[in-house]
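We count residues from 1, following the sequence as given.
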Amino acid sequence: YTLHKIYAGLIDQYLYCDNQQALDVVTKTAKWAYDKLSPLTEEQRKLMIRNEFGGVNEAFYNLHSITGNPDHKKLAEFFYHNDVIDPLAERNNDLYFKHANTFIPKIIGEARNYELFANERSKGIAEFFWQTVIDHQTYCTGGNSHKEKFIHTDKISENLTGYTQETCNTNNMLKLTRHLFCWEAHPKYADYYE
(Lines give C-alpha, C1' and ligand atoms only; values in the text may rest on other atoms or scores of the structure.)
Protein backbone atom coordinates (compact mmCIF):
# COMPACT_ATOMS: atom_id res chain seq x y z
CA TYR A 1 0.00 0.00 0.00
CA THR A 2 2.78 2.41 0.92
CA LEU A 3 4.81 1.43 -2.12
CA HIS A 4 1.80 2.22 -4.30
CA LYS A 5 1.73 5.76 -2.89
CA ILE A 6 5.46 6.16 -3.45
CA TYR A 7 5.28 4.85 -7.03
CA ALA A 8 2.25 7.01 -7.82
CA GLY A 9 3.91 10.09 -6.33
CA LEU A 10 7.10 9.58 -8.33
CA ILE A 11 5.11 9.07 -11.52
CA ASP A 12 3.14 12.26 -10.81
CA GLN A 13 6.40 14.15 -10.20
CA TYR A 14 7.54 13.09 -13.63
CA LEU A 15 4.23 13.73 -15.41
CA TYR A 16 3.34 17.05 -13.80
CA CYS A 17 6.77 18.51 -13.04
CA ASP A 18 8.96 16.86 -15.69
CA ASN A 19 11.14 15.52 -12.89
CA GLN A 20 13.53 13.12 -14.64
CA GLN A 21 15.05 12.02 -11.33
CA ALA A 22 11.62 10.84 -10.17
CA LEU A 23 11.23 8.78 -13.35
CA ASP A 24 14.69 7.29 -12.84
CA VAL A 25 13.89 6.36 -9.23
CA VAL A 26 10.50 4.83 -10.01
CA THR A 27 11.95 2.88 -12.94
CA LYS A 28 14.69 1.46 -10.74
CA THR A 29 12.28 0.61 -7.93
CA ALA A 30 10.00 -1.08 -10.46
CA LYS A 31 12.97 -3.20 -11.55
CA TRP A 32 13.53 -4.10 -7.89
CA ALA A 33 9.86 -5.13 -7.62
CA TYR A 34 10.01 -7.12 -10.85
CA ASP A 35 13.15 -8.95 -9.73
CA LYS A 36 11.57 -9.77 -6.35
CA LEU A 37 8.16 -10.84 -7.65
CA SER A 38 9.02 -12.69 -10.87
CA PRO A 39 10.33 -15.84 -9.17
CA LEU A 40 7.14 -16.31 -7.11
CA THR A 41 4.89 -19.23 -7.92
CA GLU A 42 1.22 -18.68 -8.72
CA GLU A 43 0.32 -20.00 -5.26
CA GLN A 44 2.70 -17.51 -3.63
CA ARG A 45 1.32 -14.66 -5.74
CA LYS A 46 -2.28 -15.46 -4.76
CA LEU A 47 -1.31 -15.67 -1.09
CA MET A 48 0.56 -12.37 -1.23
CA ILE A 49 -2.19 -10.34 -2.91
CA ARG A 50 -4.75 -11.25 -0.25
CA ASN A 51 -3.33 -8.28 1.68
CA GLU A 52 -4.11 -4.66 0.90
CA PHE A 53 -1.89 -3.34 -1.87
CA GLY A 54 -3.73 -0.21 -2.90
CA GLY A 55 -3.65 0.69 -6.57
CA VAL A 56 -0.16 -0.53 -7.32
CA ASN A 57 -1.56 -2.21 -10.44
CA GLU A 58 -2.68 1.22 -11.69
CA ALA A 59 0.74 2.69 -10.89
CA PHE A 60 2.50 0.01 -12.93
CA TYR A 61 0.08 0.47 -15.84
CA ASN A 62 0.81 4.19 -15.68
CA LEU A 63 4.54 3.55 -15.61
CA HIS A 64 4.21 1.23 -18.61
CA SER A 65 2.37 4.01 -20.47
CA ILE A 66 5.47 6.18 -20.00
CA THR A 67 8.25 3.68 -20.56
CA GLY A 68 6.72 1.04 -22.82
CA ASN A 69 8.67 -1.51 -20.78
CA PRO A 70 6.82 -4.86 -20.93
CA ASP A 71 8.06 -5.69 -17.41
CA HIS A 72 5.96 -2.81 -16.09
CA LYS A 73 2.87 -4.27 -17.73
CA LYS A 74 3.70 -7.68 -16.23
CA LEU A 75 3.97 -6.05 -12.80
CA ALA A 76 0.52 -4.50 -13.22
CA GLU A 77 -0.90 -7.86 -14.27
CA PHE A 78 0.81 -9.57 -11.32
CA PHE A 79 -1.54 -7.64 -9.04
CA TYR A 80 -4.70 -8.83 -10.78
CA HIS A 81 -6.68 -10.19 -7.83
CA ASN A 82 -8.58 -13.14 -9.30
CA ASP A 83 -10.70 -13.86 -6.22
CA VAL A 84 -12.01 -10.31 -6.16
CA ILE A 85 -12.22 -9.32 -9.82
CA ASP A 86 -13.31 -12.54 -11.54
CA PRO A 87 -16.77 -12.53 -9.89
CA LEU A 88 -17.34 -9.01 -11.26
CA ALA A 89 -16.52 -10.23 -14.76
CA GLU A 90 -19.29 -12.80 -14.24
CA ARG A 91 -21.68 -10.00 -13.14
CA ASN A 92 -21.78 -11.13 -9.52
CA ASN A 93 -22.72 -8.06 -7.50
CA ASP A 94 -22.30 -9.53 -4.00
CA LEU A 95 -19.79 -7.18 -2.40
CA TYR A 96 -20.86 -7.85 1.18
CA PHE A 97 -18.11 -7.51 3.77
CA LYS A 98 -15.38 -6.94 1.22
CA HIS A 99 -12.94 -4.22 2.25
CA ALA A 100 -14.11 -1.34 0.09
CA ASN A 101 -10.96 0.74 0.11
CA THR A 102 -8.92 -2.29 -0.92
CA PHE A 103 -11.41 -3.19 -3.63
CA ILE A 104 -11.92 0.09 -5.51
CA PRO A 105 -8.25 0.72 -6.47
CA LYS A 106 -8.11 -2.75 -8.03
CA ILE A 107 -10.94 -1.70 -10.34
CA ILE A 108 -9.18 1.56 -11.20
CA GLY A 109 -6.28 -0.63 -12.34
CA GLU A 110 -8.71 -2.49 -14.60
CA ALA A 111 -9.83 0.87 -16.01
CA ARG A 112 -6.22 1.64 -16.92
CA ASN A 113 -5.87 -1.81 -18.48
CA TYR A 114 -8.80 -0.97 -20.73
CA GLU A 115 -7.45 2.47 -21.60
CA LEU A 116 -3.99 1.22 -22.50
CA PHE A 117 -4.75 -2.14 -24.10
CA ALA A 118 -8.41 -1.93 -25.18
CA ASN A 119 -9.23 -4.83 -22.86
CA GLU A 120 -13.02 -4.97 -23.14
CA ARG A 121 -13.29 -7.38 -20.22
CA SER A 122 -11.59 -4.81 -17.97
CA LYS A 123 -13.93 -2.10 -19.24
CA GLY A 124 -16.96 -4.26 -18.45
CA ILE A 125 -15.64 -4.97 -14.96
CA ALA A 126 -15.13 -1.27 -14.22
CA GLU A 127 -18.55 -0.28 -15.55
CA PHE A 128 -20.38 -3.11 -13.77
CA PHE A 129 -18.60 -2.45 -10.47
CA TRP A 130 -19.30 1.30 -10.62
CA GLN A 131 -23.00 0.77 -11.35
CA THR A 132 -23.29 -1.86 -8.62
CA VAL A 133 -21.74 0.42 -6.00
CA ILE A 134 -23.82 3.41 -7.09
CA ASP A 135 -27.11 1.50 -7.23
CA HIS A 136 -26.75 -0.68 -4.13
CA GLN A 137 -24.02 0.64 -1.83
CA THR A 138 -24.00 4.43 -2.04
CA TYR A 139 -25.51 6.86 0.46
CA CYS A 140 -27.11 10.11 -0.69
CA THR A 141 -23.87 11.92 0.17
CA GLY A 142 -21.99 9.86 -2.42
CA GLY A 143 -20.00 7.74 0.02
CA ASN A 144 -20.18 4.02 0.70
CA SER A 145 -19.32 1.29 3.21
CA HIS A 146 -19.72 0.66 6.93
CA LYS A 147 -16.55 0.28 8.98
CA GLU A 148 -14.67 0.19 5.66
CA LYS A 149 -16.65 -2.84 4.44
CA PHE A 150 -19.28 -3.02 1.75
CA ILE A 151 -22.75 -3.74 3.13
CA HIS A 152 -25.47 -6.18 2.10
CA THR A 153 -27.03 -5.03 -1.15
CA ASP A 154 -29.70 -2.35 -0.60
CA LYS A 155 -29.33 -2.30 3.21
CA ILE A 156 -28.21 1.30 3.49
CA SER A 157 -30.70 2.31 6.20
CA GLU A 158 -29.54 -0.53 8.44
CA ASN A 159 -25.96 0.74 8.36
CA LEU A 160 -26.32 4.38 9.38
CA THR A 161 -23.89 4.84 12.26
CA GLY A 162 -20.83 6.90 13.09
CA TYR A 163 -18.83 4.39 11.08
CA THR A 164 -20.63 4.98 7.81
CA GLN A 165 -18.56 5.89 4.76
CA GLU A 166 -14.84 6.39 4.39
CA THR A 167 -13.29 9.35 2.62
CA CYS A 168 -10.75 7.12 0.87
CA ASN A 169 -13.59 5.18 -0.75
CA THR A 170 -15.22 8.37 -1.96
CA ASN A 171 -11.93 9.63 -3.38
CA ASN A 172 -11.37 6.35 -5.21
CA MET A 173 -14.94 6.25 -6.54
CA LEU A 174 -14.46 9.78 -7.89
CA LYS A 175 -11.23 8.66 -9.51
CA LEU A 176 -12.99 5.69 -11.14
CA THR A 177 -15.84 7.96 -12.22
CA ARG A 178 -13.39 10.25 -14.04
CA HIS A 179 -12.16 7.29 -16.06
CA LEU A 180 -15.69 6.22 -16.96
CA PHE A 181 -16.72 9.75 -17.87
CA CYS A 182 -13.75 10.02 -20.22
CA TRP A 183 -14.96 6.89 -22.01
CA GLU A 184 -18.55 8.08 -22.27
CA ALA A 185 -19.63 11.56 -21.20
CA HIS A 186 -22.86 10.23 -19.69
CA PRO A 187 -24.74 12.55 -17.29
CA LYS A 188 -24.90 9.82 -14.61
CA TYR A 189 -21.14 10.10 -14.16
CA ALA A 190 -21.25 13.88 -13.97
CA ASP A 191 -24.17 13.70 -11.51
CA TYR A 192 -22.29 11.37 -9.22
CA TYR A 193 -19.12 13.40 -9.48
CA GLU A 194 -20.99 16.57 -8.60
Side-chain angles (χ1 to χ4, degrees), residues 1-86 88-89 98-119 121-123 125-126 129-130 133 144-145 148 166-183 193:
Y1 187 87
T2 303
L3 285 174
H4 160 232
K5 301 304 181 190
I6 293 169
Y7 286 135
L10 289 166
I11 291 167
D12 283 351
Q13 275 293 311
Y14 171 72
L15 290 175
Y16 299 118
C17 303
D18 197 28
N19 186 328
Q20 294 295 320
Q21 184 180 15
L23 180 61
D24 184 51
V25 170
V26 74
T27 302
K28 288 177 180 173
T29 56
K31 182 183 180 334
W32 167 82
Y34 185 82
D35 291 345
K36 285 284 191 187
L37 298 174
S38 292
L40 296 183
T41 67
E42 180 62 10
E43 292 78 24
Q44 291 170 318
R45 182 192 76 84
K46 285 185 175 182
L47 182 64
M48 187 191 96
I49 65 172
R50 291 184 317 167
N51 297 308
E52 185 172 4
F53 54 81
V56 73
N57 54 348
E58 175 201 11
F60 286 130
Y61 278 127
N62 288 338
L63 184 58
H64 174 77
S65 74
I66 296 166
T67 66
N69 185 333
D71 291 348
H72 300 157
K73 181 177 187 258
K74 288 178 188 170
L75 280 168
E77 292 168 344
F78 178 92
F79 288 95
Y80 178 88
H81 195 170
N82 309 69
D83 294 340
V84 167
I85 299 173
D86 286 349
L88 293 172
K98 295 193 171 62
H99 188 251
N101 195 39
T102 303
F103 212 104
I104 303 167
K106 296 172 187 182
I107 308 306
I108 296 169
E110 289 305 295
R112 286 301 284 148
N113 187 24
Y114 166 68
E115 290 168 351
L116 295 172
F117 303 105
N119 185 316
R121 182 176 185 270
S122 292
K123 179 184 183 186
I125 289 167
F129 173 80
W130 185 91
V133 172
N144 62 66
S145 79
E148 300 186 14
E166 181 183 284
T167 308
C168 296
N169 296 358
T170 305
N171 177 63
N172 282 322
M173 282 301 290
L174 290 171
K175 197 172 178 182
L176 178 58
T177 303
R178 284 195 306 265
H179 287 280
L180 299 177
F181 185 78
C182 287
W183 305 346
Y193 205 87

**Q** Name the one of Asn51, Asn101, Val56 that satisfies side-chain contact (heavy atoms from CB on, under 4.5 Å) with Tyr1?
**A** Asn101
**Q** Taking the side chain as C-beta and beyond, is there a heavy-atom pair between Leu15 and Asn62 under 4.5 Å?
**A** no
**Q** Among pairs that include at least one residue of residues 2-12, which meet side chain to side chain donor-acceptor pair (under 3.5 Å), considering only residues two or more places apart or in two chains?
**A** none
**Q** Of all the heavy-atom pairs spanning Val133 and Met173, show the shortest one and how long it is.
**A** CG1-CE, 3.7 Å
**Q** Please collect all salt bridge (charged side-chain N to carboxylate O under 4.0 Å, His left out) contacts where either partner lies in residues 59-80, sequence neighbours excluded, each pair once.
**A** Lys73-Glu77
**Q** List the residues meeting side chain to side chain contact (heavy atoms under 4.5 Å, CB included) with Thr167, not counting sequence neighbours, and say none if there are none.
**A** none
**Q** Will you find, in the side chains of Asn119 and Arg112, an N or O donor that is under 3.5 Å from an N or O acceptor?
**A** no
**Q** Side-chain contact test, heavy atoms from C-beta onward, threshold under 4.5 Å: evaluate it for Phe79 versus Leu37 and give yes or no.
**A** yes
**Q** Where the side chain of Trp32 meets the backbone of Lys28, is there a donor-acceptor pair that is under 3.5 Å apart?
**A** no
**Q** For Cys168, does its backbone N or O pair with a side-chain atom of Asn172 as donor and acceptor, under 3.5 Å?
**A** yes
**Q** Counting heavy atoms not belonging to Glu42, are there more than 12 under 6.0 Å from its CD?
**A** yes
**Q** Who passes side-chain hydrogen bond (donor to acceptor under 3.5 Å, both in side chains) against Thr102, sequence neighbours left out?
**A** His99
**Q** Minimum heavy-atom separation for Ala126 to Ile107, with atom names?
**A** CA-CG2, 3.6 Å
**Q** Output all residues satisfying side-chain hydrogen bond (donor to acceptor under 3.5 Å, both in side chains) with Asn171, sequence neighbours left out; order by chain, then residue number.
**A** none
**Q** So, using ring-ring contact (aromatic ring centres under 6.0 Å, His included) as the criterion, who are the partners of Phe78 when residues are at least two apart?
**A** none
**Q** Report the residues that fulfil salt bridge (Lys or Arg N to Asp or Glu O under 4.0 Å) with Asp18, sequence neighbours left out, ordered by chain and then residue number.
**A** none
**Q** Are side-chain heavy atoms of Glu43 and Leu47 found at a separation under 4.5 Å?
**A** no
**Q** Describe, in one word, how the ring planes of Phe129 and Phe103 are oriented to each other, choosing from parallel (under 30°), tilted (30 to 60°) and perpendicular (over 60°).
**A** parallel
**Q** Look up atom NE2 in His179 and atom OG1 in Thr177, then write down how far apart they are to the nearest 0.5 Å.
**A** 10.0 Å
**Q** Does a sphere of radius 6.0 Å around CZ in Arg178 hold more than 12 heavy atoms from other residues, nucleotides or ligands, not counting ones at 6.0 Å or beyond?
**A** yes
**Q** Taking C-beta and beyond as the side chain, do Thr29 and Ile6 meet within less than 4.5 Å on heavy atoms?
**A** no
**Q** Could you go step by step and tell me if Lys175 and Glu58 meet the side-chain contact (heavy atoms from CB on, under 4.5 Å) rule?
**A** CA-CA 12 Å; Lys175 197 172 178 182; Glu58 175 201 11; 3.1 Å; yes
**Q** Among all residues two or more places apart in sequence or in another chain, which pass the side chain to side chain contact (heavy atoms under 4.5 Å, CB included) test with Leu174?
**A** Thr170, Tyr192, Tyr193
**Q** State, to 0.1 Å, how close Pro105 and Asn57 come at their nearest heavy-atom pair, and which atoms those are.
**A** O-OD1, 3.7 Å
**Q** Who are the side-chain hydrogen bond (donor to acceptor under 3.5 Å, both in side chains) partners of Lys36, not counting sequence neighbours?
**A** none
**Q** Looking at Ser38, is its backbone amide N or carbonyl O close enough to the side chain of Arg45 to form a donor-acceptor pair, meaning the two atoms are under 3.5 Å apart?
**A** no
**Q** Tell me, please, which residues at least two apart from Phe181 pass ring-ring contact (aromatic ring centres under 6.0 Å, His included).
**A** none
**Q** Who are the side-chain hydrogen bond (donor to acceptor under 3.5 Å, both in side chains) partners of Thr67, not counting sequence neighbours?
**A** His72
**Q** Mind checking what makes ring-ring contact (aromatic ring centres under 6.0 Å, His included) contact with His64, not counting sequence neighbours?
**A** Phe117
